[in-house]
Amino acid sequence: MKLIIRLEDLKAIIKTAKRSAVEICGFLFGRRKRDGFIVEEVRFVPNRLNSPMAFEMEPVEMVKAIDEAEERALEVVGIFHSHVGCPPVPSGRDLKGMRLWPVVWLIVDDNGNYGAYVLEDGKVRRIPVGFNVESTLDG
Ligand SMILES: [Zn+2]
């Protein structure tokens, strides 16, 4: 299982994270295929906690984002957020979130590092991130 995302989409998330003093967050919408999760769209949602230590998606924006994605037949394949000043690995709080939202969790930090994680039998497993071929060609 892997996460497949356009390189420019990942770069956009990292760029936004680097510019932000608080954690940024949002959804990865796309399609679930046999060998991985294909991200078609990245959607930023405001962090209502406005905190460098934690995030919670603003509920109205969150519902709106999901509705709009469903209209285009896209599903939530992942949730992304950033860590400020610490590595992109799931915190205890993230683990609780992962149980509530059992999708891919993509975490970036403000140094450009990133990791994608899923829960497997209650345990966190890091999965590879691949880049969409089209986007790496126009590069
Ligand atoms: Zn986190």
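Order of appearance sets the numbers: ligands from 1, and atoms from 1 within every ligand.
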What atom name does the N, O or S atom of His83 nearest to the Zn ion (ligand 1) carry?
NE2
For the Zn ion (ligand 1), find the closest N/O/S atom belonging to His81 and write down its atom name.
NE2
Under 2.8 Å: N/O/S of Asp94 next to the Zn ion (ligand 1)
yes
So, does [X] use its side chain to make a donor-acceptor pair with the main chain of [Y] at under 3.5 Å?
X	Y	result
Asn47	Val22	no
Asn111	Asn113	no
Ser91	Asp94	yes

Kindly indicate whether the side chain of Leu3, heavy atoms from C-beta on, has any atom under 4.5 Å from the side chain of Ile127.
yes
